[in-house]
Amino acid sequence: MIDPVESLKEFVRFPSVSTDSTREAGMKDARDYVGNLLKQVGFSVEEIPTPLHPIIIGRRDGDPSWPHVVIYGHYDVQPPDPLELWTNPPFEPGERNGRIYGRGAADNKGPLITHLAAVAQLLQEYPDPPLRLTFLIEGEEEIGSPSFVPFLKKHKDLFDADFVLLSDTGSPNESQIVVTTGLRGIVCLEIEATGPKSDLHSGVHGGAVLNPIQALAEICASLHDKDGRVNVPGFYDDVRPVQDWEREEIGKLGVSEAEYAGFLGIEQFYTEKGYTPFECVRFRPTLEFNGIGGGYQGEGSKTVIPSRAFAKISCRLVAEQNPARVQKALTDLLRERCPSGVSLTITPGHSGAPYLVVPPGKPNTPKNQPEALAAAFRAADEAIAEEFGKPPLYLREGGSVPIIADLKRITGLDSLMIGLFLPEDNLHAPDESFHLGVMKKGIAASKRILWQVASKGVTSARS
Ligand code: BES
Ligand code: ZN
């Protein structure tokens, strides 16, 4: 039997930072650790190489008539910087206030251990349930999963399943769980404006050249209009409108705008006109500047006209938007808006499609929704109500897990996503943590869901 809290602490100790090539050992140790846990629980484990970080597959096979659930998680984490802002070192887990602190505790090691512990308990309490399970644990989620689509195309046979179960999304508080019905997609790119062949003395040459920082800032400033909308023609063309039932769910979140502003430490929201902040983060696409630079960054002043300036941009996309189309619209527009006097280099980064699943019983649920998926949603509703004290809300999420749309597109599988992050978990930030109360109830809920699904296997095996 695995001890979930101790296992999480152990797992957090391995510095599995996928973007950092000096962390190869941490990646390998994290893989070995989770692979061994799976073996302990009775799974056959395979490490599938990719050009970058291997994928771990853990299988519990069985009669083909049994239900088959794929459980997804990722063993990679974000870089821990800035280190000086952590209370305990990011890879030396601390336990305080009913939480485990450390990089990756919430995103995604804690939620992954939650489902693994649920499976371990299920298999111990009900030996040999009629249920096939496949753990899919990747190591490139935090860098856009570059190896995932080729992997999936090659190993499609592993995913002849009923649905995917995962927890890599959030909920508003420990008693109100969200079942996530959508994820935003993403399009990243970097732009560089280049002017004179080298940095120039701004007294000697200032007045004669277009400063690349000015050019870049003007381009960037043109990308939103006064109503907070993204000022790129065609950007909103395919956006799925917010559904009435989704607005109702938002109303039940139990958080006021003032509380949200207080949580963020801001005086005023900046939103797209016509939408509340809660709607904007879940249902509307955005264009953000993630980094901008150029010229002198050191102490004091330096009178220079830099030869270059850059900005890192990402767009979050919502259901029905197409990443390639958005990337083209944005790239074309950036070129058009680039003033003569500088040249613009545009380098595309990673991209991923948005994802949407309409749960059973909501308006416009697809008529051909597989019964196994609908049954899994119903089981989740019941299990969450039992274990957390309230039925879940059904909401789309602002963050992205692009492989979920890839799985749908390539294998047809939909995902049942149970939000286990809380707003205080500090994902991607210093003092990241995972709430142990959520973990405990999450284990119980996951176990119930899987048992419900297995019971269908009992029925189908008998019938
Ligand atoms: N688990 C997060 C996504 C997330 C965060 C969902 C918060 C819900 C709430 C995931 O690990 C993540 O950070 N994804 C990246 C994807 C990107 C690197 C392609 C993201 O959303 O920025
Ligand atoms: Zn994650």
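Just so you know, ligand 1 is whichever comes first in the structure, and atom 1 is the first atom listed for that ligand.
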Q: Give a yes or no on whether a salt bridge exists between D406 and R409, defined as a side-chain N under 4.0 angstrom from a carboxylate O.
A: yes
TODO: Report yes or no: is the cationic atom of R103 (NZ for Lys, CZ for Arg) closer than 6.0 Å to the six-membered ring centre of F91, at no more than 45° off its axis?
DONE: no
Task: R60 to F43 six-membered ring, cation-pi geometry met (6.0 Å, 45°) - done: no
Tabulating one pair per line, provide the atom names and distances (0.1 Å) for every N/O atom of ligand 1 that is less than 3.5 Å from a protein N/O atom.
residue, atom, partner, partner atom, Å
ligand 1, 1 (N), D107, OD1, 3.2
ligand 1, 1 (N), D168, O, 3.1
ligand 1, 1 (N), D168, OD1, 2.7
ligand 1, 1 (N), D168, OD2, 3.4
ligand 1, 11 (O), H74, NE2, 3.4
ligand 1, 11 (O), D107, OD1, 3.0
ligand 1, 11 (O), D107, OD2, 3.1
ligand 1, 11 (O), E141, OE1, 2.6
ligand 1, 11 (O), E142, OE1, 3.4
ligand 1, 11 (O), E142, OE2, 3.0
ligand 1, 13 (O), E142, OE1, 3.3
ligand 1, 13 (O), H428, NE2, 2.8
ligand 1, 14 (N), E141, OE2, 3.3
ligand 1, 14 (N), S400, O, 2.9
ligand 1, 21 (O), R316, NH1, 2.8
ligand 1, 21 (O), S400, N, 3.1
ligand 1, 21 (O), S400, O, 3.4
ligand 1, 22 (O), R316, NH2, 2.8

D107 OD1 to D168 OD1 via the Zn ion (ligand 2), rounded to 10°, gives 90°
| message | The test is side chain to side chain contact (heavy atoms under 4.5 Å, CB included); show your working for L165 and V453 and say whether it passes. | response | CA-CA 11 Å; L165 173 65; V453 173; over 6 Å; no
*Would you call the rings of F148 and Y72 parallel, tilted or perpendicular if under 30° counts as parallel and over 60° as perpendicular?*
perpendicular
Discussion item. For the CD atom on E267, are there more than 12 heavy atoms of other groups (residues, nucleotides or ligands in this structure) within a distance under 6.0 Å?
Written reply: no
- Is the closest side-chain donor-acceptor distance between R31 and Y75 under 3.5 Å? yes
Atom name of the N, O or S atom of H74 nearest to the Zn ion (ligand 2) is NE2
